[in-house]
Amino acid sequence: MAVYNPSEIEKKWQAFWDKNETYKVDIDTSKPKFYVLDMFPYPSGAGLHVGHPLGYIASDIYSRYKKLKGFNVLHPMGFDSFGLPAEQYAIQTGQHPAITTEKNIETYIGQMKNIGFGYDWSREIRTSSPEYYKWTQWIFMQLFNSWYNKDTDQAEDIETLEALFAKGGSAAANAVCEDELAEFTAEEWNALSEEEKYKTTLDYRLTYLSESMVNFCPELGMVLSNDEVKDGVSERGGYPVIQKKMRQWMMRITAYCDRLIDGLENVDWSHSLKEQQKNWIGRSQGASVKFPVAESDLLKERAFEGKVEVFTTRIDTIYGVSFMVLAPEHEWVDTLTTPEQKDAIEAYKLETQKRSELDRMSDVKTVSGAFTGSYCVNPVNGEQVPIWIADYVLAGYGTGAVMAVPSGDQRDWNFAKHFDLPIPAISDAQQNLEEAADASKEGKYINSGMINGMEYQPAVDTLISWIEENKVGKGKINYRLRDAVFARQRYWGEPVPVYFKENGLPYLVDESDLPIVLPEIDEYKPTETGEPPLGRAKGWKYVPQPPTPSPKGEGEFVSYDYELSTMPGWAGSSWYWYRYMDAKNDDAFASKEALDYWQDVDLYVGGTEHATGHLLYSRFWNKFLKDKGFVKQEEFAKKLINQGMIQGRSSFVYRVKNTEVPTFVSYGLRKQYETQRLHVDVNIVDNDILDVEAFKTTRLDVPENAEFILENGQYKCGSEVEKMSKSKYNVVNPDVLVDRYGADTLRLYEMFLGPLTEAKPWDTKGIEGTSRFLKKLWRLFFDQNGSSLLVDDKGTPEELKALHKAIKKVGADIEGFSFNTSVSNFMICVNELTDLKCHKKEILEQLLIIISPYAPHIAEELWARMGKEEGSITSQEFPAFNEEYLKEDEIEYPIQIGGKVRVKLSFPAETSKGDIEKAVLANDEVIKWMDGKPLRKIIVVPKRIVNVVV
RNA sequence: GCCGGGGUGGUGGAACUGGUAGACACGCAGGACUUAAAAUCCUGUGAGCCGAAACGCUCGUACGGGUUCGACCCCCGUCCCCGGUACCA
């Protein structure tokens with residue numbers, strides 16, 4: 001083989017790695033561990049485009065580098081293989097999702113192997129395989145058997161809760177549990193039957209059944225979590241989503257709100273991602289206050305006695321309350337409405353119901369509302385204020401009621417203006433209350449009873465202690481985050497390991513019965529009675545072991561109905577990094593030995609789109625597993641890198657309007673015609689020049705006789721950066737590029753494109769640069785005829801300098817995740833060595849080692865061709881950087897400044913002493929300024945002093 | 001609106017976080033080799049000025065100010081782009 005032939009050597013080495021299990025890794029306590037994890041993909045039918053491997057390439061480089069640095073590196077890959085597309089495909093075609101999924105995974109693995117990733121494939125996992133979801137179900141069971149103790153601030157066995165009940169009744173538990181659920185004494189608890197006790201505990205568990213409002217998408221026939229709903233429509237498919245009451249399995253993620261926020265302090269994740277999670281959890285500190293409803297004959301008649309509870313972050317403004325507002329859906333609205341107001345309220349409720357979620361969100365300016373006719377009493381001053389309803393108050397946040405302070409809140413102000421309600425000032429800083437509300441915390445309070453004359457913080461403290469003393473409210477932290485719905489009315493997901501007894505209560509299956517395998521069904525749609533698809537599974541019943549004969553008849557055993565919904569998509573992905581540690585274990589999700597050794601993920605690479613979904617749920621489950629002592633670390637991923645999206649660069653042709661024969665005009669001339677812009681497949685466009693023949697033959701809508709108005713004999717296309725997608729004809733398939741240029745070139749180019757974390761457009765033409773680079777690298781070893789150029793001589797200072805510059809920079813670049821600049825540094829190094837005609841083994845050996853994480857195939861090949869043992873490059877050590885080689889071109893020149901400070905200065909070797917003297921003298925001003933200031937070094941370019949640094 | 005991140009040649013992007021701005025690459029122009037093409041190599045390439053040439057000069061990192069011997073980098077103000085989020089009380 002005379003010249004660099006990527007496709008040949010890449011196949012060879014990929015086969016070699018497979019055969020020799022080069023990347024298989026085991027526990028090795030003699031080495032420090034390092035765990036590099038990619039977010040595993042959902043294997044979609046479309047396969048990978050050039051944007052997908054970006055993060056995988058970066059993590060592959062990093063793990064290869066860490067290995068060369070002496071770490072025992074775990075770098076696995078698997079598939080998040082439960083999911084909606086396979087199921088929808090199944091509904092349309094009848095093909096079992098497992099088959100579709102299997103096929104797609106094969107494609108993915110093929111594509112990944114093509115790029116030469118160093119995954120330990122022996123650890124591959126699939127969330128849809130029973131061996132895997134056995135443990136997802138097992139974790140569900142652990143969650144079910146636990147409750148959250150606010151006092152010890154961790155999850156505990158449900159037995160500890162029962163112990164509390166037995167000792168102090170519900171009060172003992174409610175004191176340490178966020179929600180005030182039941183009320184009973186210890187005696188009452190102890191008198192309960194086992195079944196009643198069990199029933200009581202159900203509401204306290206970390207997974208619980210709840211009748212709650214859910215986002216229901218009629219089109220998809222399923223419940224969606226908040227992060228699956230974007231702008232009132234489903235993220236997948238964009239179908240309308242409505243609110244619906246449903247009995248659902250829930251996950252008590254809210255118990256972990258504080259720890260989920262606080263834990264962010266201890267992980268090296270991007271600032272913006274941490275902010276996203278914080279905003280999503282939405283912790284706001286304030287107070288909850290109860291406003292008693294003012295007594296009236298009507299309410300007495302209706303036997304109503306209640307207090308409107310509100311949450312506020314500005315308790316200091318409570319003297320400015322001039323009305324109350326309830327959400328139209330608030331449960332007391334009907335009771336509080338007087339007969340005179342009934343028509344207005346009913347009309348308003350109807351109106352808000354009609355307005356869809358979307359309208360309500362997009363139209364925030366229109367002020368609307370209605371008066372109930374009732375009043376409530378401000379507990380701090382006894383004043384009566386009217387109770388209104390308005391749709392700017394959301395039923396789903398806080399208590400669904402707010403105390404309106406028009407002087408301090410713009411929305412309340414707008415409402416007050418519109419309905420002509422009073423806007424009392426409460427601070428001497430509030431000046432233009434006729435114009436707008438003033439929410440600032442400046443100034444001293446006025447018209448404010450007990451806090452008159454105070455400033456913000458003392459006022460808050462005073463009021464909080466007052467309301468707590470008088471039992472009308474308390475300081476409270478409110479969260480935006482809701483508990484997560486943990487059920488989907490779908491087939492292709494993990495069955496929930498729960499069955500229902502005759503009493504209607506849910507019970508866990510026995511652990512020895514795991515996994516509860518997904519049953520076969522004939523159709524993947526909901527049943528006629530509206531049950532989830534699993535309702536179609538014939539004879540799918542839970543039979544407790546050992547089977548007890550059923551009174552029903554011969555050979556029948558007592559059996560129960562399973563839970564028919566399946567787990568949501570995020571279940572399997574919320575713990576998968578542990579499974580890789582011990583992927584084949586059938587006795588535990590991972591052995592203690594594996595968990596102790598691998599501990600947690602050192603580097604996690606993936607997209608930012610999972611900020612408020614996967615990454616939050618995973619942290620939640622991890623904290624739970626930590627509480628229960630199953631895992632070691634409070635946070636599962638020490639460092640997280642979000643790779644930026646690779647956008648497509650679309651090409652356009654310009655079709656002239658109203659022509660008989662379809663006519664296309666070149667980009668530069670398009671303004672002379674009236675044209676229509678059309679996407680054209682980027683694969684038949686080279687450097688903005690359209691392959692006209694290919695265009696005519698591949699596009700069915702373009703006839704053979706189509707005309708083209710050219711410029712300079714070529715058809716030039718327009719272009720624009722857009723999201724990469726099929727419909728825009730701008731998808732670039734990595735396989736095509738691997739075929740044409742080789743995987744190493746693709747790997748280098750994807751890194752060279754720009755900073756890993758930035759979004760950047762894909763532009764295929766630039767790949768020539770990295771392709772040329774690898775050819776140049778090859779030519780350091782072989783001439784055009786394929787004869788070896790290698791020599792045994794020692795490297796010259798220039799050669800060593802070129803090499804060590806690269807060693808230094810590449811090392812620093814990888815540690816700093818600047819993969820793009822390290823590719824530049826390889827290029828500089830190879831260019832310099834080419835200029836120096838350096839073919840010395842001593843130099844090239846080390847060069848290959850530092851390049852090998854980026855371009856493993858060519859590095860392996862050249863390594864072997866140097867006479868080294870095949871495949872041994874992966875077990876080399878990353879060369880140590882030696883400063884001496886870079887220093888050589890500097891001379892030191894001691895200089896005295898201002899008579900007292902004596903410093904040693906370094907200059908490039910080519911600077912002559914005379915030049916330095918002249919430069920120093922010519923820069924008298926600078927020297928004077930330097931006098932008396934701490935100095936570090938003086939930077940000199942030939943003939944000019946540039947600067948002085950400490 | 002709020003939160004976060006940005007704005008550097010024709011293009012993607014460098015600049016060790018205050019020290020020669022534009023590395024490296026693409027593209028473009030010119031040249032060498034070749035019957036020709038491909039491949040490869042060489043030269044030039046921010047804008048402008050002075051020059052026969054060399055040396056050199058001015059401007060230049062979205063815009064306007066400021067701090068500093070020195071600013072893409074720090075501070076103040078303005079404009080624009082991207083991501084997240086939103087009647088969250």
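Proteins get letters first, then strands, A, B, ... in listed order; numbering begins at 1 in each. Because the structure is a prediction, the values reported are computed rather than measured.
- With the nearest nucleotide of RNA chain B identified for both Thr821(A) and Ile767(A), Thr821(A) has the one nearer the 5' end.
- The separation of C26(B) from U85(B), taken at their C1' atoms, amounts to 38 Å, rounded to a whole angstrom.
- C24(B) sits 26 Å from C82(B) when the C1' atoms are compared, rounded to a whole Å.
- Atoms CE (Met827(A)) and P (G13(B)) sit 15 Å apart, rounded to a whole Å.
- Place Glu275(A) and Asn478(A) on RNA chain B by their nearest nucleotides, and Glu275(A) ends up nearer the 5' end.
- Asp763(A) approaches Tyr749(A) most closely through the heavy-atom pair O-OH, 2.6 Å.
- Taking atom P in both A62(B) and G10(B), one finds a spacing of 13 Å when rounded to whole Å.
- G9(B) has its base syn relative to the sugar, with a glycosidic angle deviating from 0 by at most 90°.
- Across all strands shown, G10(B) is found opposite C26(B) as a Watson-Crick or G-U wobble partner, with both distances under 3.5 Å.
- At whole-Å resolution of the value, CG in Asn825(A) and P in G13(B) are 18 Å apart.
- Residue-level contact check: Asn831(A) touches the backbone only, with heavy atoms under 4.0 Å from sugar-phosphate atoms and none from bases.
- At least one donor-acceptor pair closer than 3.5 Å links the side chain of Tyr348(A) to the backbone N or O of Asp391(A).
- In this entry the base of U67(B) is anti relative to its sugar, with a glycosidic angle more than 90° from 0.
- Taking atom C1' in both U20(B) and G31(B), the straight-line distance is 31 Å, to the nearest Å.
- Look at A39(B): it lacks any Watson-Crick or wobble partner with both distances under 3.5 angstrom.
- Distance Tyr749(A) OH to U11(B) C1': 10 Å, rounded to the nearest Å.
- Across all strands, Lys776(A) comes closer than 4.0 Å only to sugar-phosphate atoms, never to a base (heavy-atom distances).
- The gap from the C1' atom of U68(B) to that of C81(B) amounts to 31 Å, rounded to the nearest Å.
- Between G5(B) and U67(B), the distance separating the two P atoms is 27 Å to the nearest Å.
- The shortest heavy-atom contact between Val321(A) and Val385(A) is O-CG1, 3.7 Å.
- Candidate nucleotides G84(B), G12(B), A39(B) were compared by shortest atom distance to the side chain of Lys775(A), and A39(B) ranks first.
- The minimum heavy-atom distance between Ile281(A) and Cys257(A), with the atom names listed, is CG2-SG, 3.8 Å.
- Across all strands, Ser824(A) comes closer than 4.0 Å to base atoms (heavy-atom distances).
- Put simply, the side chain of Glu758(A) never gets that close to the backbone of Gly644(A): no donor and acceptor are under 3.5 Å apart.
- Searching all strands for a Watson-Crick or G-U wobble partner of A52(B) with both distances below 3.5 Å returns nothing.
- When the C1' atom is used for both A54(B) and A47(B), the distance is 22 Å, rounded to whole Å.
- Annotation: C2(B) and G9(B) have their C1' atoms spaced 36 Å apart (nearest Å).
- Side-chain polar atoms of Lys805(A) and Asn825(A) form no donor-acceptor pair below 3.5 angstrom.
- Within the 4.0 Å cut-off from OP1 or OP2 of A86(B), at least one side-chain nitrogen or oxygen of Arg480(A) is found.
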